[in-house]
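Notes follow the structure.
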Amino acid sequence: DSNTNIANYNNFATLSGNSLTLPVQTLIDLLSSPQNVVLQANNDITLNRALIVNNLAGNGGSLTMQAGRSIILNNSITTDNGNLTLIANDTTVNGVVSNQRDSGNAVITMGSDTFINAGSGNVNITLNNSSNASGDITIKDISANSITVGNKGKSSGSDVILSGTLTASDSGTPVIIYTINGSFSNN
């Protein structure tokens with residue numbers, strides 16, 4: 001189902017049993033305007049085209065993706081200094097309709113040759129601790145003010161795998177990486 005009305009994509013309960021496609025240009029236009037955008041899916045969120053935000057009057061809006069199972073980034077994200085929050089394996093407490101979530105391990109995966117550039121924005125990546133099976137967070141190159149990557153998954157072996165470079169400009173604690181039931185691997 002292709003539909004460009006953003007209202008169809010920003011709530012776990014809206015069209016909860018359907019697969020929807022949001023054109024990347026719709027996201028780019030909203031974030032460049034700059035509006036904050038929250039995308040929620042009971043199952044997976046997949047980005048197949050580059051998301052390059054460019055607000056000529058200032059910073060881009062913040063983007064939050066919340067998935068009941070997985071987030072797959074097959075292409076890169078540039079936020080124009082907007083914050084980026086990725087949450088997979090989200091919980092029913094946060095609104096996920098559990099009977100619409102497919103079985104299988106929840107993951108957050110950045111595909112090969114992808115990057116996230118949030119400029120002076122912050123990047124937060126979390127695989128949540130829902131009652132469903134969890135897997136790995138696999139990240140590549142990320143640059144931002146601060147970067148937090150946390151795997152709270154309940155399944156044993158819910159790792160964080162870094163196969164790139166993390167660059168953060170915050171003078172406090174610019175990079176935080178943690179896992180509850182797995183390990184951190186820097187490839």
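Note that the coordinates shown come from a computational prediction; the quantities given were computed from them, not determined experimentally. Residues: numbered from 1 along the sequence shown.
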Quiz prompt | Identified side-chain contact (heavy atoms from CB on, under 4.5 Å) counterpart of V123 within the set I116, T79, V175, N83 | solution = I116
Practice problem: Report yes or no: do I177 and I108 belong to one cluster of Ile/Leu/Val/Met/Phe/Trp/Tyr joined by side chain heavy-atom distances under 4.5 Å? | Solution: yes
Exercise. Give a yes or no on whether the backbone of V107 and the side-chain of S70 come within a donor-acceptor separation of less than 3.5 Å.
Key: yes
Quiz item: Any donor and acceptor pair, going by atom type alone, linking the side chain of R49 with main-chain N or O of V24 inside 3.5 Å?
Solution: no
Practice problem: Flag the pair I45 / L47 as yes when at least one side-chain heavy-atom distance between them is below 4.5 Å, and no otherwise. | Solution: no
Self-check item: Any side-chain heavy-atom pair of L27 and V37 under 4.5 Å
Solution: yes
Practice problem: Answer with yes or no whether the hydrophobic clustering places I72 together with F115; edges join I, L, V, M, F, W, Y residues whose side-chain heavy atoms lie under 4.5 Å apart. | Solution: no
Self-check item: Over 12 non-hydrogen atoms of neighbours within 6.0 angstrom of CG in D29
Solution: yes
Quiz item: Does N117 use its side chain to pair, donor to acceptor, with the backbone of T78 at less than 3.5 Å?
Solution: no
Practice problem: Please name the residue in the list T179, T138, I139 that meets the side-chain contact (heavy atoms from CB on, under 4.5 Å) test with I161. | Solution: T138
Exercise. Indicate yes or no for a side-chain donor-acceptor contact from N151 to the backbone of D159 under 3.5 Å, with no hydrogens or angles considered.
Key: yes
Practice problem: Show your reasoning for whether side-chain hydrogen bond (donor to acceptor under 3.5 Å, both in side chains) applies to N89 and N128. | Solution: CA-CA 5 Å; N89 209 31; N128 226 334; over 6 Å; no
Exercise. Using modelled atom types only, decide if a donor and an acceptor are shared between the side chain of N59 and the backbone of N81 within a distance under 3.5 Å.
Key: no
Quiz item: Is a donor on one side and an acceptor on the other found under 3.5 Å between the side chain of D141 and the backbone of T165?
Solution: yes
Quiz item: Looking at residues at least two apart in the chain, or sitting in another chain, which of them share a salt bridge (Lys or Arg N to Asp or Glu O under 4.0 Å) with D44?
Solution: R69
